[in-house]
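This is a predicted model, so every value here is computed, not measured.
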Amino acid sequence: MSQKTIIACCASSMITSKIVAEKILQLARDHMIETPKIIQCKFDKVQDKLQGEKVDCIIPTSPFPLEIDCSIKVILGTPLITGTNEIQTLDDVLLLLKS
């Protein structure tokens, strides 16, 4: 299992992407999985971050407004902010981290 790279993105790259990043890091610690590399950025910087990086997943905190490479998994991170369906979202992230 190799280290995963995840982009956590939101409109400002300040608050909600940080919350998502912290929850992902805690999930990895709780399950004793290798800590993923988390890249936090604004929605409009995702394409730039994809250049030169092998990204395993993008987790936007709201519906993602940009076209992206469809080979990259996208997990909607809104439940990690609102708490609604958070367990299912964390399970999806955990599967990714374990793959």
**OP:** Using a 4.5 Å cut-off on heavy atoms from C-beta on, say whether the side chain of K4 contacts that of S99.
**Re:** yes

Original post:
Which heavy atom in T78 sits nearest to a heavy atom in S62, and how many Å separate them?
Top reply: OG1-CA, 3.5 Å

**OP:** I would like to know whether V20 and I81 meet side chain to side chain contact (heavy atoms under 4.5 Å, CB included); could you show each step before the answer?
**Re:** CA-CA 7 Å; V20 167; I81 305 302; 3.9 Å; yes

Original post:
Side-chain heavy atoms under 4.5 angstrom apart, residues restricted to Ile, Leu, Val, Met, Phe, Trp, Tyr: same cluster for V74 and L50?
Top reply: yes

Original post:
Residues in side-chain contact (heavy atoms from CB on, under 4.5 Å) with L94, at least two apart?
Top reply: L27, H31, I33, K98

Original post:
Just how far is it from atom NZ of K23 to atom CG of D30, taken to the nearest 0.5 Å?
Top reply: 12.0 Å

Original post:
So how far is it from K54 NZ to Q3 CD, rounded to the nearest 0.5 Å?
Top reply: 11.0 Å

Original post:
Taking C-beta and beyond as the side chain, do I72 and I7 meet within less than 4.5 Å on heavy atoms?
Top reply: no

**OP:** Mind listing the closest non-hydrogen atom pair of K42 and A11 along with its distance?
**Re:** CE-O, 3.6 Å

Original post:
Roughly how far apart are D48 CG and E53 CD, rounded to 0.5 Å?
Top reply: 12.0 Å

Subject >> Gap between atom OG of S17 and atom CD1 of I39 - 0.5 Å precision >> reply: 12.0 Å

**OP:** Nearest 0.5 Å please: distance from the CD1 atom of I58 over to the CZ atom of F43.
**Re:** 10.5 Å

Original post:
At what distance, to the nearest 0.5 angstrom, does OG1 of T35 lie from CG of L97?
Top reply: 9.5 Å

Subject >> Side-chain touch T89/L76, heavy atoms, less than 4.5 angstrom >> reply: no

Original post:
So which heavy atom on P79 is nearest to which on T84, and how close?
Top reply: CB-O, 2.9 Å

Original post:
Just wondering, more than 12 heavy atoms not from I15 lying within 6.0 Å of its CD1?
Top reply: no

Original post:
Does the side chain of I6 come within less than 4.5 Å of L96's, by heavy atoms?
Top reply: yes

Original post:
Same cluster for I75 and L25 if Ile/Leu/Val/Met/Phe/Trp/Tyr side chains link at under 4.5 Å?
Top reply: yes

**OP:** Let me see the working for L90 and L80 under side chain to side chain contact (heavy atoms under 4.5 Å, CB included), right down to the final yes or no.
**Re:** CA-CA 8 Å; L90 288 171; L80 301 177; 3.6 Å; yes

